[in-house]
Amino acid sequence: KVLIDQTIWNPIFGLMFFGYLNLVEGKSFGDYKKKIQTDLKTAVMGSWAVWVPAHTINFAFIPPSQRLLYINSIQIGYNVFLSFLGNKKVDGEEAEGDSKEL
């Protein structure tokens, strides 16, 4: 299950995550493509670094009654990582308030 999740679903989720952020921020499709090219690999590899060990520990050592609490605790940290990655500026993208207008 973890293998399927991390090799098939994870990249699809990354595309949807960055696409949603792009949409709600009113950015162009070109910006979306740049973001995918720049950050999708980092998001997928970050997910592998977090979730493969987390699920291994979960199924091997965590009692069934505590598994949800354990996974949700890990999810908080992973969401912070995704938030930073999602809000990271891509080369050529101006930060809000960085315009050269006076």
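Computed from a predicted structure; not experimentally measured.
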| message | Checking the side chain of Ser73 only, and the main-chain atoms of Leu69 only, is there a donor and an acceptor separated by less than 3.5 Å? | response | yes
| Leu23 backbone acceptor or donor facing Tyr32 side chain under 3.5 Å | no
| message | I'd like to know if Leu15 and Phe17 are part of one continuous hydrophobic network [Ile/Leu/Val/Met/Phe/Trp/Tyr, side-chain heavy atoms within less than 4.5 Å]. | response | yes
| said: Ile71 vs Trp51, test: side-chain contact (heavy atoms from CB on, under 4.5 Å). Steps then yes/no. | reply: CA-CA 9 Å; Ile71 288 298; Trp51 292 115; 4.0 Å; yes
| message | Using the side chain to side chain donor-acceptor pair (under 3.5 Å) criterion, which residues pair with Asn10? Sequence neighbours excluded. | response | Gln6, Ser47
| said: Restricting to side chain to side chain donor-acceptor pair (under 3.5 Å), what partner residues turn up for Asp5, sequence neighbours left out? | reply: none
| field | Nearest-0.5 Å distance that lies between atom CD1 in Ile62 and atom CZ in Arg67 | value | 8.0 Å
| note | The side chain to side chain contact (heavy atoms under 4.5 Å, CB included) partners of Ile76 (sequence neighbours excluded) come to none
| query | About how many Å separate CG of Leu21 and CG of Asp39, when rounded to the nearest 0.5 Å? | reply | 10.5 Å
| field | Geometric class of the Trp9/Phe13 ring pair [parallel <30°, tilted 30-60°, perpendicular >60°] | value | tilted
| Straight-line distance of Asp31 CG to Asn22 CG, nearest 0.5 Å | 6.0 Å
| note | Here the pair of heavy atoms bringing Lys35 nearest to Lys88 is NZ-O, 2.7 Å
| remark: Heavy-atom closest pair (Thr38 atom, Thr42 atom, distance to 0.1 Å) is O-OG1, 4.2 Å
| said: Determine whether a donor-acceptor pair (N or O, by modelled atom type, separation under 3.5 Å) exists between the side chain of Lys33 and the backbone of Ser28. | reply: no
| Are Ile74 and His55 close enough that some pair of their side-chain heavy atoms sits under 4.5 Å apart? | no
| message | Hydrophobic clusters here meaning ILVMFWY residues chained together by side-chain heavy-atom distances under 4.5 Å, can you tell me if Val90 and Val44 are in one? | response | no
